[in-house]
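A short worksheet on the structure shown next.
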Amino acid sequence: MGEAQVSLKHLFRVFTKPEHKDSKLAQIEEHLSDNILDFLSQHVVTKKTSLEEVEQDFADAVVPESPEFVSTHAENLLEKLVAHSVNTYSPTFIGHMTSALPYFHLSLAKLLVGLNQNLVKIETSKAFTPLERQVLGMMHNLVYEQDEPFYTQYLHSARHALGAFCSGGTVANITALWVARNKCLGPDGQFAGVARAGLASAYRHYGINNLGVLCSKRGHYSLSKAVDVLGIGRDNLVTLPCPEQVLDPELALKKGREYQEQGNRLLSIIGIGGTTETGHVDPLDELADVAKELGCWFHVDAAWGGATLFSKSYRGILKGIERADSVTIDAHKQMYVPMGAGMALFKNPEDANAVRHHAQYILREGSKDLGATTLEGSRNGMAMMVYSSLHIIGRRGYELLINQSIEKAKKYAAMIDALPDFELVTAPTLSILTYRVCPAKIQQCLSALPQKDAKKLNSQVDRLVVNVQKLQREAGKSFVSRTRLESPEYGAYPITVFRVVLANPLTNTRDLKAILEEQHAIAARNLVWQQLMANSQCEALHQA
Ligand SMILES: *Cc1c(COP(=O)(O)O)cnc(C)c1O
């Protein structure tokens with residue numbers, strides 16, 4: 001069934017002929033273009049299907065022998081893949097950093113794939129390379145605000161790079177630390193530099209035991225991947241506790257000094273411009289001072305929060321970011337670009353030369369090929385999506401989007417505060433907040449109980465939160481994520497919380513109200529709620 005002929009004639013047809021208007025794939029395309037919300041609501045089923053059941057559809061590890069007709073294949077995709085996808089456009093799915101996209105991206109995606117340019121070298125991306133350089137320049141300007149002559153000099157200079165465009169925040173963080181590492185352990189007299197001689201020789205030459213990176217406990221796990229691939233080692237990612245939710249500059253200075261005094265070299269301090277879990281922003285300006293004091297690189301991971309710079313009202317929260325040697329920003333988060341768009345920006349346009357590679361057949365010296373300073377090789381023209389968004393939405397459009405997300409988060413926090421059976425755990429700095437469900441009676445009880453008993457009770461509340469989050473997700477109408485974190489009001493142990501990212505511009509107050517109502521209804525029906533209410537210690541306190 002659905003098997004096509006094995007012939008070059010058939011394959012040439014597949015390469016050259018568009019799908020017939022009535023074919024399944026053409027219908028999918030039309031439906032998507034017409035009304036993606038309707039397409040998703042029709043084809044993404046919310047019906048409970050276990051992961052194991054879905055795996056059954058992808059169980060065969062043999063390459064299909066014969067070609068399949070495109071239409072037959074499209075049917076299969078709808079049934080097996082689309083049906084069990086997640087409806088990221090739904091305004092009641094407020095648990096992730098990637099959500100609904102502006103419509104024009106669907107058509108742009110087609111143009112992007114149609115052109116299939118390769119940004120690794122200019123021969124296959126004559127216009128895309130200058131475009132990508134311009135995008136990096138615009139984002140550099142957003143962060144560093146240099147004057148016009150600066151950008152005239154460096155934007156298209158073959159010997160400089162204002163940043164590296166890459167697939168996302170992870171690769172951007174790796175790239176930034178790669179540059180920092182190669183500069184920190186660079187060529188020196190007879191020593192060829194770490195890039196050529198390797199880490200062991202570099203440590204010997206510079207007389208150090210280890211190279212280290214310092215950040216708060218809330219650092220994204222991509223940082224731990226970065227120190228791993230760069231050979232620095234995960235044990236040398238020094239993560240500091242942040243009871244006040246952000247990295248304490250004094251503690252950073254103290255720990256940095258201690259690390260250096262042990263015969264190590266501190267590679268970089270990392271400030272987070274909006275943590276993934278709570279959206280808090282480290283005191284970047286003060287951390288820049290600390291980095292200066294310690295004589296190390298200063299990197300800011302603003303993968304998620306960087307877009308706040310578009311907002312005149314809120315960009316002050318990131319004050320000090322302009323002092324960072326490198327900054328990570330993801331366009332596929334708060335810039336509403338499809339996934340695959342990250343950037344590492346460099347304050348000093350010379351810095352990227354620390355990782356420059358040349359090859360004879362490609363990336364010749366003096367060429368403007370971006371591939372010479374990017375970690376990735378073949379790369380598509382995702383920069384076009386950022387370019388178009390920057391034009392179609394504009395600085396002021398992004399400002400509105402950022403402002404409304406932050407204001408919505410504040411409103412949601414106020415709604416939570418007003419409900420007796422909910423507790424706001426971390427208030428929003430930007431548009432992320434965390435909270436939990438906890439019966440009012442138990443909240444009172446918790447504040448009166450001694451530490452040890454409170455801890456036990458809190459772990460029971462944790463179970464309630466986990467149950468509610470799971471049951472809500474399984475019901476399929478709405479989605480919030482969850483995490484575990486420490487917060488000063490709850491003692492020195494982590495508690496489980498709901499985590500909300502107000503990313504989707506289409507989410508409104510009614511959606512938020514519905515999500516809270518659903519959570520309350522699920523919680524009140526849950527066995528753990530009954531167990532909490534029957535807690536004898538709380539009963540006794542209640543009677544007294
Ligand atoms: C999302 C995120 C990353 C990782 O970015 P990817 O695009 O998922 O690779 C890194 N740091 C922070 C703070 C993030 O929020």
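Numbers here are sequence positions counted from 1. Keep in mind that the numbers below use all heavy atoms, side chains included, and drop hydrogens, waters and symmetry copies. As the structure lists them, so they are numbered: ligands from 1, and atoms in each ligand from 1. On a predicted model such as this, the values are computed, not experimentally measured, just so you know.
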Check: For residues Asn173 and Thr328, is any side-chain donor paired with an opposing acceptor at under 3.5 Å?
Finding: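 There is such a pair (donor and acceptor under 3.5 Å, judged by atom type) between the side chains of Asn173 and Thr328.
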Next item on the list: Using heavy atoms and a cut-off under 4.0 Å, could you grab the residues that are in contact with ligand 1, chain by chain, numbers ascending?
Entry: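 Answer by chain and number: Met97, Gly168, Gly169, Thr170, Asn173, His220, Ser222, Gly274, Thr276, Asp301, Ala303, Trp304, Asp330, His332, Lys333.
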Next item on the list: Only counting residues at least two apart or in another chain, list the ones meeting side-chain hydrogen bond (donor to acceptor under 3.5 Å, both in side chains) with Glu399.
Entry: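 Glu399: side-chain hydrogen bond (donor to acceptor under 3.5 Å, both in side chains) contacts with Arg395.
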Note to self: Please determine whether a side-chain nitrogen of the Lys or Arg among Asp325 and Lys183 lies less than 4.0 Å from a carboxylate oxygen of the Asp or Glu.
What the structure shows: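 Not counted as a salt bridge, because no side-chain N and carboxylate O are separated by less than 4.0 Å.
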Notebook entry, point to check: Should the heavy atoms of other residues, nucleotides or ligands under 6.0 Å from CZ of Phe58 be counted, would the total exceed 12?
Noted result: yes
Next item on the list: Please confirm whether His140 and Tyr151 have ring centers closer than 6.0 angstrom.
Entry: yes
Item checked: Intermediate values then yes/no, side chain to side chain contact (heavy atoms under 4.5 Å, CB included), Tyr89 and Ser41 -> CA-CA 10 Å; Tyr89 278 61; Ser41 71; over 6 Å; no
